[in-house]
Amino acid sequence: MESNAADELLLELDSLRIYRSGKMDRLHHPVLAPAGVDAATGVTSKDVVVDADTGLSVRVFLPARPDPSKKLPVLVFFHGGAFVIESAFSTTYHGYAASLAAAAGVVAVSVEYRLAPEHPVPAAYDDAWAALQWAASGKDEWLAEHADNGRLFLAGDSAGGNMVHNVMIRAASSHPAPRIEGAILLHPWFGGNAVIEGESEATARDMAKIWEFACPGAVGGADDPRMNPTAGGAAGLENLRCERVLVCTGEKDWAGARGRAYHAAVAASAWRGSAAWLESEGEGHVFFLEKPECAKAKELMDRVVAFISAS
């Protein structure tokens, strides 16, 4: 009886199954892309081990440059996947990072962080912080030669957008901390125990299950401040350690209500930066990864590029 109870299915989605025992089946197995020259964009990439003890590594993307004497902004990117699936090395995220590096003219550092449940959250947050510090240090030869680490950006989609927020909060209480010029939250995954307007109760319940599975030490379930930035006990949004924020979501994005609420809360806070917003009409969660050539994905890319180029 006990064995049967432990094997009980807690949640099944297209990409994963979670069992009450704590076991997970990954049904999504990303195809991995090798580093090298990206034929579509002309961007060159390489993989770097940042921390051999934890296994943290990054893929660095260097765009072709018309003016080699001009140093480029640095963008540290965190991929999505609910903290439990996906990879910076997958064809999806390799392609997106290469396209972003080419379009925005940045040295992109895409982070291969540790996944739960093998490495429960906060391992992903710790890796994100370590990767930011590594990128800001300029110790890598590509970064030393080609990057302007005085122009440092963070970006991430879904769980990666959540990580962007949490890295900014960590930077506020860390001394010294890298100066972050801008942060881009693409369809960020936030939650909360109480459903808010525009949020599906069933989806919120399922995502809360994934969060508590990925982060068994979560305090208050989905009201843990790392998942709900406006929950009681969360660090004030006025503490965000960056100068500019761009929050993007889709009109039909299941995470959209929380993204809108996050942007509104940041804009209404005592934070001294500027908070920009883009909602892609008619589009769902991370649509720009699934159909990068569509008009709305190009519009989103153009907005991200304009945000980075503004100074």
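Values reported hereafter were calculated over all heavy atoms of this structure, with side chains retained and with hydrogens, waters and symmetry mates removed. Here, residue 1 is the first one in the sequence, and each next residue gets the next number.
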Has [X] got a side-chain atom pairing as donor or acceptor with [Y]'s backbone, closer than 3.5 angstrom?
X    : Y    : result
N149 : A136 : yes
T44  : V37  : no
H28  : D14  : no
T203 : S200 : no
R114 : G55  : no
W142 : V60  : no
S90  : E86  : no
Y113 : H79  : yes
D157 : G160 : no
E251 : G282 : yes

Hydrophobic cluster membership, with links at side-chain heavy-atom distances under 4.5 Å among I/L/V/M/F/W/Y: are [X] and [Y] in one?
X    : Y    : answer
L185 : V304 : no
V286 : F89  : no
L237 : I184 : no
Y19  : L13  : no
F288 : Y93  : yes

Query raised in the report: Does NZ or CZ of K139 lie under 6.0 Å from the centre of the six-membered ring of W134, at an angle within 45° of the ring axis?
Result: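 Here K139 fails the 6.0 Å and 45° test against W134.
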
Is there side-chain contact between [X] and [Y], with heavy atoms separated by less than 4.5 Å?
X    : Y    : answer
S99  : T41  : yes
I308 : F153 : yes
S45  : D38  : no
F213 : F83  : no
W271 : C242 : yes
S274 : R244 : yes
L100 : M301 : yes
D253 : E283 : no

Query raised in the report: Any chance the side chains of N162 and Y125 put a donor and an acceptor closer than 3.5 Å?
Result: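 Side-chain D/A pair, N162 to Y125: present.
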
Query raised in the report: Just by distance, with hydrogens left out, do E112 and S87 show a side-chain donor and acceptor under 3.5 Å apart?
Result: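 S87 and E112 do have a side-chain donor-acceptor pair below 3.5 Å.
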
[atom1] of [X] to [atom2] of [Y]: how many Å apart, nearest 0.5 Å?
X    : Y    : atom1 : atom2 : result
E279 : H187 : CD    : NE2   : 9.0 Å
E145 : L62  : CD    : CG    : 8.5 Å
L10  : M24  : CG    : CE    : 12.5 Å
I169 : N239 : CD1   : CG    : 6.0 Å
L27  : S15  : CG    : OG    : 7.0 Å
L300 : L278 : CG    : CG    : 6.0 Å

Nearest heavy atoms of [X] and [Y], plus distance in Å:
X    : Y    : value
A214 : A116 : O-CB, 3.6 Å
F287 : A297 : CE1-N, 3.4 Å
V247 : G259 : CG1-O, 3.8 Å
S158 : G80  : CB-CA, 4.3 Å
P229 : A234 : O-CB, 3.2 Å
W211 : A222 : CD1-CA, 3.9 Å

Report task. Any side-chain hydrogen bond (donor to acceptor under 3.5 Å, both in side chains) involving residues 212-230? Give me the pairs, sequence neighbours left out, ordered by first then second residue. Result ->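 Checked against side-chain hydrogen bond (donor to acceptor under 3.5 Å, both in side chains) - neighbours excluded - the pairs reaching residues 212-230 are N193-D223, D223-N228, D224-R226, N228-T230.
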
Requested in this report: For side chain to side chain contact (heavy atoms under 4.5 Å, CB included), just list the numbers for I196 and R258, CA-CA rounded to whole Å, side-chain angles, deciding distance to a tenth of an Å, and then say yes or no.
Outcome: CA-CA 8 Å; I196 64 173; R258 292 283 174 179; 3.8 Å; yes

**Report entry** Atom CD of E118: over 12 foreign heavy atoms under 6.0 Å
**Finding:**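 Atom CD in E118 is crowded, with more than 12 foreign heavy atoms closer than 6.0 Å.
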
Query - Q133 vs S137, side chain to side chain donor-acceptor pair (under 3.5 Å): CA-CA, chis, key distance, verdict - result: CA-CA 6 Å; Q133 291 181 303; S137 74; over 6 Å; no

Query raised in the report: So N166 and W129, side chain to side chain contact (heavy atoms under 4.5 Å, CB included) or not? Walk me through it.
Result: CA-CA 9 Å; N166 281 285; W129 178 250; over 6 Å; no

Please work out whether the ring planes of [X] and [Y] are parallel, tilted or perpendicular, with thresholds of 30° and 60°.
X    : Y    : answer
Y96  : F77  : tilted
H285 : W254 : tilted
H165 : F190 : perpendicular

Report task. List the steps and the verdict of salt bridge (charged side-chain N to carboxylate O under 4.0 Å, His left out) for D148 and K71. Result -> CA-CA 5 Å; D148 176 3; K71 293 210 169 188; over 6 Å; no

Requested in this report: Tell me who clusters with V43, hydrophobic residues only, linked when side chains sit under 4.5 Å apart either directly or through other members.
Outcome: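 Grouped by the 4.5 Å side-chain rule, F61 form the rest of the cluster around V43.
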
Query - Audit row: E141, K46, side chain to side chain contact (heavy atoms under 4.5 Å, CB included) steps and yes/no - result: CA-CA 11 Å; E141 61 186 67; K46 68 174 181 178; 3.7 Å; yes

Report task. Inspect the contact between R241 and E181 and indicate whether a charged nitrogen and a carboxylate oxygen are less than 4.0 angstrom apart. Result ->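 No, no charged N to carboxylate O under 4.0 Å.
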
Query raised in the report: Would you call E243 and R272 a salt bridge, taking side-chain N to carboxylate O under 4.0 Å as the test?
Result: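 Salt bridge: no.
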
Query - Worked check of side chain to side chain contact (heavy atoms under 4.5 Å, CB included) between I18 and I210 - result: CA-CA 8 Å; I18 294 174; I210 297 176; 4.1 Å; yes

